[in-house]
Each structure stands twice: as C-alpha cells, then as structure tokens.
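Values reported hereafter were calculated over all heavy atoms of this structure, with side chains retained and with hydrogens, waters and symmetry mates removed. First listed ligand is number 1; within each ligand, the first listed atom is number 1.
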Amino acid sequence: MFMAVESTLPTPVRTPASDKDAKALQFIEEMTKNVDSVQERVLREILGRNAETEYLKRFSLNGATDRETFKSRIPVVTYEDIQPEIQRIANGDKSPIFSVHPISEFLTSSGTSAGERKLMPTIHEELDRRQLLYSLLMPVMNLYVPGLDKGKGLYFLFVKAETKTPGGLLARPVLTSYYNSDHFKTRPYDPFNVYTSPNEAILCVDSFQSMYAQMLCGLIMRDEVRRVGAVFASGLLRAIHFLQNNWKQLAHDIATGTLNPKITDAPVRECMRKILKPNPELAQLVTIECYEENWECIIKRIWPRTKYLDVIVTGAMAQYIPTLEYYSGGLPMACTMYASSECYFGLNLNPMCKPSEVTYTIMPNMAYFEFLPHGSSTSCLVDLADVEVGKEYELILTIYAGLGRYRVGDILRVTGFHNAAPQFLFIRRKNVLLSIESDKTDEAELQNAIENASLLLKEFNTSVVEYTSYADTKQIPGHYVIYWELLVKDSAIAPTNDVLNRCCLQMEESLNSVYRQSRVADNSIGPLEIRVVENGTFEELMDYAISRGASINQYKVPRCVSFTPIMELLNSRVVSKHFSPDLPHWTPERRR
Ligand code: AMP
C-alpha cells in the first residue's frame, strides 16, 4: 500500500557544534577506546560496593571483585529466578538484598512475568547514568544535522500511571520516572534541545489531554519545528492518528485562542493560556492540510522545516517504517539510543543511517555487560571487548543497583567496532510473538488466552482446532488478529456472532497487563479480532509449507504469521470476523 521513498540523508558536518559537544564526543572516544579496562573498573565498583549484600554473600564472593571469581560463582539468572527477592523488596524489606544503596523505586518493564510487568529495583544515582547517556545524543546528532539550535523539537512524550508496592515503593515505567525527575524538569537551557511540549503537558497523566496539549503546541510552533519524534515509531503514528481525529477542534482552538474544554488539567490549562493566542491564518493552514483526504507527506506539509524524525524503528518497530515513510515523505529516521528499564545500554553513532543499518554502541561505563553466544550454554559468556563480528549473542547484565548476570532477553548481532567498542544490530527480543507497541506477547500467553476464550465455546459443542496470529499495524492503532479454525460438532447450536465477540474480549482479559494498559489507558492498541477460517485451512497451510521444503514430520503450525502468501491464503478462507466489544479490565494496581 505504501511506496518506499528514498531518504535524502544529510552529509555529516563532522565538527562539534560547541565546546560542550566536543567534550561529550571526547568522552565517547575515551569510553570506546578503553572498553575492557572500563568494564573491569565497572565490575570492581559494582562488586566492591555491594560486597555485603545478601545476594553476593549467598554465592560466597567474599569481597572478591575480579572477573574470574565473579564468573565462577555468580549464576546467570532470569527474572523468575530472582522474583522472591524482588517480592521481598516490594513488600518493604529494606535490608541490602541486591544493593547497599537504598532502592529508590521500582521501574516497571514492558517485559512481563506471569502477566504482570516485571519490577526492576533501581537506585537514585542511576538517574545520573541515564542523564549521561542522554547528554551524548545531541552532540552526535549535531555532527550530522547542522542548525538544530535554530529551532525546536516536537516530541510526543508521555508519562504513565504510577502505583506503590505493598512496602510503599513507587512502581512506574523508566521514562515516567525520568520525566518526573529534576534531571528532566529543571534541565538547564540548551539551545540544541528545546522542546515544543511544555513539561506540564508531558507530565499530565491523562493521555488524551497530554497528547492534545502537545499537538496544539506543535502546531502553534510549526515554523520552529526542526525535528519530530517520539520514543518509539508506534508513538509517533499514534500522534498522527490523533491529529486525524482532532484537527478540527485543534484548528478551532488556534483560530479563537481558546482551549478545548475537555482539557481540564489545571497546570496544562495554565501553561496553554500563555502559549495560545488567536491565529486564524495558522488555523486555516492546518484546516487546509488536514481536510485533504490524502495524508501522504503530512508531517512535511505541516512542519515543513523538519529535518528528520527521531524515533526508534529497530526491532519490533521496524513494521512501522513504510507507514512513517508515507506520512513523512521519506524524511530520515534517526534511531538514537538503545535502552531498557534495567539499564540504558548505548547509542547510535551514525544516527542518519538507514533503519536497516542501525547499530548501537554499548557504552562500557553504564553496567557490566556479558554476552551469551546464541544457542550456547550459560558457561560460555563472552566479555564486551571479546565479542566477534557476525555472531549473535544474548545480552547479560550486571548493574550498579545489584542485579547480577541478568538475562535481558535481547538478541544482538555484532556488525563491527567503533574503536574497541562493538556495534550491535538489534535482532529481536526472545520469545516475543506479537507486539504492537510496548506490549510483548509470547507463545504461552497466546495459548493461554486461546484456552480461556475457547471455554466460552464449550456449551456450543465447539472447539478451536487450530490457530495462528498476526499483528495488524496497517491501521492506527494496530490490533491483534487471531485466525481460528473451529470444529462445530452440532451446527444447530453453532456459536453466534455475539459469543465469538465475547471470545475476543475473553482473550484480551487473559493477555498481560502491558497489553491491557495499552488498550485501556493509552488507546494504542485496537480491539482484538478473531477471523474464523474455513475447515481445512490449516491443512492447506501445512501443504504450502511442505511445498516450500518443510519436513512433514517436523512441521509445526506457526503461531504468528506475516509472510504475504500465507496471509493471502488465510484471508481468502475467512468466513467471519469478530471484534472485542468492550475494553478488558485494567487498573494500575497489580493483580498479584
Ligand atoms: P523496557 O524494559 O520496557 O524498557 O523495554 C526494553 C526493551 O525494549 C529492550 O530490552 C529491547 O528489547 C527494546 N528496545 C529498547 N530500545 C530499543 C531499540 N533502540 N531498538 C530495538 N529495541 C529496543
């Protein structure tokens, strides 16, 4: 549906834009030249300060801070392995379990365990480390795109709901923590990093009001906007979709200088009062551009001085590249950093490269990194400085907040080196079947959801004989599509449309809390759809796979599909389509 547009990439300027930039670039050079010694120091610091923690004592580290002892005594763990300790911290145990520094809060990862977001303990000083990584991004970008100090960045940034654990610690996503920190709220003025969105709009927890105010500011300051972005591609597309749905009201506000009464948040109203002035000319321009049926190039049309999009389009976000190209008219897409709740890992030193060529350079000062060659046993971990070009690895982390040898679940491939620092292509997150934005649904969760939904079919003497799934991101918001082949044993009492709609909702109720939050609070995932296919469709699918060389003995139904011929086959056999009629249950509180 979308035409790929050739990007016109700016040529690197290659001189630091300021003394501050020169210092930041110098820091990157030092870190990347001395990867191994920095890593040795980081491990020494982490183990030295945490020597008296329950966790390190349990493995008889006895104060050792060298790699060899560490590697021989500390096991590689998953979240589930350390969940009992995490639960104790959540319940209020303040003893030094992982870290001698007090746990300041929990960061809620988009990765889940038993349906709930994982809780990552963090310490206050981690904010400085995150800030440090952020401070390196613009100096690199300024090498490639000159003149960013002459304008502003239109970034759609959001906070999410916060909760408290039984022991009273805050639990919230890492970006919500960062945007609420003084590091962000009282950041010093930097001409290269001026946002159109006021802090009040970013910090408003109501996602509609926050987006509305941020979009309104972006429109009002249209002439100043030099870059447009969001954290992930899905977020930027959500903003475009929001504009599609709300441009009339936004244009009205701009024309009259009055704010939509749906914006009730007092700090947002107060700051918009200062920014919003009647501007009928701008309102007319917005109306003319948005009134058009064709939204191709809308970003360039509304913000004509935009030089690039700042969004992550690697990993699961790659599915959005064609849509973003369509809306932006082929603007370059910069993926600047690679990070997680546990740790901010590194940055892209060539941010204007094509999305398929994006590599991230892990900064060795952020944590101690080890790499498990893909498919090998956990006894063969390799150090950051020793990874080999062309090989794939799973990332293993040891962080200052104390998580030791923790499996993040990301698979990375080494493509080359910057100085002595390896550069990694993000390959995929392990065990993720379906993803629309930050949700990550694995095969077991999907299976469980199918089983729960099919209970509703029992009284109709019907069962699900086969299924597969597809993340449909052609429309915004994207949604999960589940293909079902049913065995209806008594056609006189076949399940009705209403029952199958309820099956959709039942599946949603069974999916993890990140999925349900995206559905309910963020509106970033649309209603789940079940497509019932003709009997025999999955056998045809198998015939097709075998005709392409799959072994009959080893054939397994793919539980997620995206390959066009398979999609065409499935879609040509659809007999009925059903959608979730309601929102699933979600509150910020954890269920367990
Ligand atoms: P969370 O723990 O919710 O912050 O999610 C972190 C995960 O998001 C990482 O472990 C990656 O799987 C994914 N991620 C973060 N940054 C990137 C990136 N630049 N490209 C691809 N995936 C990313």
Q | Validation row, ring centre Phe371 to ring centre Phe424 under 6.0 Å | A | yes
**Q.** Heavy-atom side-chain proximity of Tyr338 to Thr314 below 4.5 angstrom
**A.** no
Q.
Using heavy-atom distances only, which candidate in Ser435, Ala316, Ser341, Gly409 approaches atom 2 (O) of ligand 1 most closely?
A. Ser341
Q.
Gln423 and side-chain hydrogen bond (donor to acceptor under 3.5 Å, both in side chains): which single residue from Thr32, Thr361, Asn348 fits?
A. Thr361
**Q.** Gap separating the CD atom of Glu508 from the OG atom of Ser580, nearest 0.5 angstrom
**A.** 3.5 Å
Q) Short list, please: which atoms of ligand 1 are under 4.0 Å from a heavy atom of Val408? A) 10 (O)
Q) Between Ser340 and ligand 1, does any nitrogen or oxygen pair lie at a separation below 3.5 Å? A) no
Q. Counting heavy atoms only, which of Thr314, Asn348, Thr108 is nearest atom 18 (C) of ligand 1?
A. Thr314
Q) Does the ring centre of Tyr360 sit less than 6.0 Å away from the ring centre of Phe345? A) no
Q) Arg429 heavy atoms, cut-off 4.0 Å: which ligand 1 atoms fall inside? A) 7 (C), 9 (C), 10 (O), 12 (O)
Q. Near Tyr360, which atoms of ligand 1 are under 4.0 Å from a heavy atom of that residue?
A. 18 (C), 19 (N), 20 (N)
Q.
By the salt bridge (Lys or Arg N to Asp or Glu O under 4.0 Å) test, which pairs, at least two apart or in different chains, include something from residues 362-372?
A. Lys71-Glu370, Glu370-Arg405
**Q.** Results of ring-ring contact (aromatic ring centres under 6.0 Å, His included) for Tyr368 - residues two or more places apart only
**A.** Phe70
Q. In terms of atom number and element, which parts of ligand 1 are under 4.0 angstrom from non-hydrogen atoms of Ser110?
A. 1 (P), 2 (O), 3 (O), 5 (O)
Q.
For the CD atom on Glu125, are there more than 12 heavy atoms of other groups (residues, nucleotides or ligands in this structure) within a distance under 6.0 Å?
A. yes
Q.
How long is the straight-line distance from OG of Ser513 back to CD of Glu589, given to the nearest 0.5 Å?
A. 11.5 Å
Q.
Judged on heavy-atom distance to atom 9 (C) of ligand 1, which of Leu397, Leu107, Asp410 sits nearest?
A. Asp410
Q. Of Gly315, Ser438, Ala339, which has the heavy atom at the shortest distance from atom 14 (N) of ligand 1?
A. Ala339
Q.
Counting only heavy atoms closer than 4.0 Å, does ligand 1 sit against the backbone of Tyr338, its side chain, both, or neither?
A. both
Q) What atoms of ligand 1 come closer than 4.0 angstrom to any heavy atom of Ile312? A) 18 (C), 19 (N), 20 (N)
Q. Measuring from the heavy atoms of Cys335, does anything fall under 4.0 Å of ligand 1?
A. no
Q: Return a yes/no value for Met337: is any of its N or O atoms, backbone included, closer than 3.5 angstrom to an N or O of ligand 1?
A: yes
